[in-house]
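Step one of this worksheet: look at the structure below.
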Amino acid sequence: MARFDLEHELTSRGLVAQQTDEKLFSHLSTAPTSVYCGFDPTADSLHVGNLLMLCTLRRFQLAGHRPIALAGGATGMVGDPGGRSEERNLLSVDQLAANLVGINEQLGRFLDFSSGAGAAQAIQLDNATWLQPMSVLTYLRDIGKHFTVNEMVAKDSVKSRFERPDQGISYTEFSYMLLQAADFLHLYKNFDCTVQIGGSDQWGNITAGTSLIRKVTGGHASGITMPLVTKADGTKFGKSVGGAVWLDANKTSPYQLYQFFMSAEDQMAPAYLRYFTFLDDDELSHLEVLTNEQPHQRAAQRRLAKQVTALVHGDEHAGRAEQASIALFSGTVASLDAASLRAISSDVPTSSVTTASLSAGLSVIDLAITAGLVSSKAEARRSIEQGGLSVNDLRIDDADATLGAEDVKDGGFIILRKGKRQYHLLTIE
RNA sequence: GGGUCCGUGUCCGAGUGGCCAAAGGAAACUGGCUGUAAACCAGUCGGCUCAGCCUACGGGGGUUCGAAUCCCUCCGGGCCCA
C-alpha cells in the first residue's frame, strides 16, 4: 500500500476542522497507530451523513493506520445531547445485532477488514461489550472521578441545553460524554488507539476522552474533527426526496444515490468531491475550474455521482445508474426501447401491476400511490392539478384519468414521473 | 413533598368557548425561469366516497347547543421552594 502524505491529504481537502495538537501529523507520519470513529447503530444501514467519516477513516487506512469502526451499541441507548435528539429508546439485543450486521457489511466497502491489510487491518467493535458490564461504582470511581461538573457544563453540547428555557437535560444524556471518553480510554489501552475522529459537534466528547486518557494513564491521545457537511445555504446535508439517503441499496437504490449527488449544488460540488472521492489534486482542481467556467455542464456533479456510487455500490451499479440517468434525462423516455427500459428497471424504483387489473382500467391516482410517488390521493390530485404528474412523458391533466392496456409500452412498462426527476417504472405481470 | 408555568399540525410557534383543519415562520412538494443547480416568482402543504364528511390541538373523563380554548384526573416537561 502506497504511503501517502496524510496531512496533505486531509488539509488540502478541507477535512480538518479542529485538532487537539499541532504536532499530531508529524507523529502520525512516523509510526502507524489506530484511529477510531463512532457510528450510531440505530438503523440497519448507514447513510450519507456517515460518508465523510467513512472516507476519512479510509484515508487513514491508506496511510497505513488501523481504522476502528466503533458501533455505539451502548451509547446509542443514551443519546448524545448535542443534537436535538429526544430521549432514546433502548435497542433490543436482537435489533442491535441485526443493525451491526448491516452496518458491518457497508463498512467493508470503505475499509479493508481482511488480514491482507496487515497492521492496518480494520476492526469493528461494539462499545456495549465493555460499557454494559461496567458497574455504576466503577464508572463513578474510575471515570467520573476525573471530571468536574464545571467543565462538563461548559461543553457546548450541554450548555446549549441549559440555555433552552423549556427543556433541561437528563442525567443520562449529561453522562454521554463520559461514556464516550471511557470508550476512547478503553481503545487506547486495549488497541493502542491514539486518535479519534468525528464531526465538529463531537469536539467536546473527543477532548473529554483525550483528557481522561492523560489523567488515567499519563499517556497522550489526540483528536481531529471534520467540518460539518452542509448544503450551500447551510442547511442539513443528506436529505432528499423521501427522506434520508441510505447506503443500503434496498433503502436507496444506486440510481437514487447517483441522482442525489448529481443534483448537488454548483457551489458545493467541488467541496463534496474533495470530501467524498479519492481523486488526485490535479483532477480536483480541474473539475473545480470546469464548475466555475461551465457550470451548466455539471462535470463535477457527474464525476461525484459516479465516484460515490461506485464506492458505495461498486462499479457495475455505478455504471448502470449513470446509464439510467442519461436515458431518463435525455428527455425522451417514451422513445426508449424495451432493452434500455429493462436495463433501467433494476435501478429505478419499480412496482408491478397485473394485466387483469390494468385492462379493467386503473386510475392514475391509485398508481401514483402504489408507486410511492405521492402519499395520499389528495396529494396525487394536487400534483395533477399543478401539472406535476406524467405518464410516458405525457402530462396528465385530468385527475380522473385511467390507464389501460394501450398505455403499456414495448417490453411491458409504463413510465410514471412526478415533477422533474422522480421516475417510477410500472411493470406489467 | 409544596408552588407555579407549559404540552398545538413535519419542526418552531400564535390562538385561550362558536367566524379553527387552527395565524405566522421554517422545511417539503408542484409549476415558471434555468442547467436534473442556486436565487427568485407563483401555487400547494391532515385524510376521504371532496360544494360534504371524518380525524386532529399530550391521554382519559366532564361542563356546554357548541371546547385547542372551561373543570377533573393521569402522563410528560420547565422553573422556584423544601
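So that the names make sense, note that chain A is the first sequence line, chain B the second, and so on, each numbered from 1.
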Quick one: label A/Q259 by what it contacts on the DNA or RNA (base, sugar-phosphate, nothing), any heavy atom closer than 4.0 Å.
-> base
Go through the side-chain N and O atoms of A/Q256 and A/D347 and say whether any donor and acceptor fall under 3.5 Å apart.
-> no
Among B/C50, B/G35, B/U49, find the nucleotide with the atom closest to the side chain of A/Q301.
-> B/G35
Does a distance-only test, which skips hydrogens and angles, find a donor-acceptor pair under 3.5 Å between the side chain of A/Q386 and the base of B/U44?
-> no
In terms of side-chain heavy atoms of A/E265, which of B/A37, B/G47, B/G31 is nearest?
-> B/A37
Any side-chain N or O of A/K231 less than 4.0 Å from the OP1 or OP2 oxygen of B/A37?
-> no
Pair assignment for B/A67, Watson-Crick or G-U wobble, requiring both distances under 3.5 Å | none
Pairwise C1' distance, B/A56 and B/A67 [rounded to whole Å] | 13 Å
What interatomic distance, in whole Å, is found between P of B/A37 and the corresponding atom of B/C19?
-> 43 Å
Under 4.0 Å between a side-chain N/O of A/S383 and OP1 or OP2 of B/U30, yes or no?
-> no
With respect to the side chain of A/A378, which nucleotide from B/C50, B/U30, B/U36 is positioned closest?
-> B/C50
Span that lies between the P atom of B/G58 and that of B/C12, in whole angstrom = 13 Å
According to a strict under-4.0 Å criterion, is A/R421 in side-chain N/O contact with OP1 or OP2 of B/A37?
-> yes
Counter-base of B/A28, judged by Watson-Crick or G-U geometry with both distances under 3.5 Å | B/U44
Can you tell me, in whole Å, how much space there is between the P of B/G78 and that of B/G13?
-> 15 Å
Does B/A23 have a Watson-Crick or wobble partner in any strand here, with both distances under 3.5 angstrom, and which is it?
-> none
With a 3.5 Å cut-off and no angle check, do the side chains of A/Q202 and A/T225 form a donor-acceptor pair?
-> no
Say you pick atom P in B/C70 and the same atom in B/A38; how far apart are they, in whole Å?
-> 45 Å
Spacing of OG1 belonging to A/T210 relative to CG belonging to A/L185, to within rounding of 0.5 Å | 11.5 Å
Return no unless some side-chain N or O of A/Q297 is found under 4.0 Å from OP1 or OP2 of B/A37.
-> no
Separation between OH of A/Y258 and CD of A/Q323, rounded to the nearest 0.5 Å = 8.5 Å
Does A/R382 have a side-chain nitrogen or oxygen under 4.0 Å from the phosphate oxygens OP1 or OP2 of B/G47?
-> yes
Distance-only donor-acceptor check, side chains A/T129 and A/D126, under 3.5 Å = no
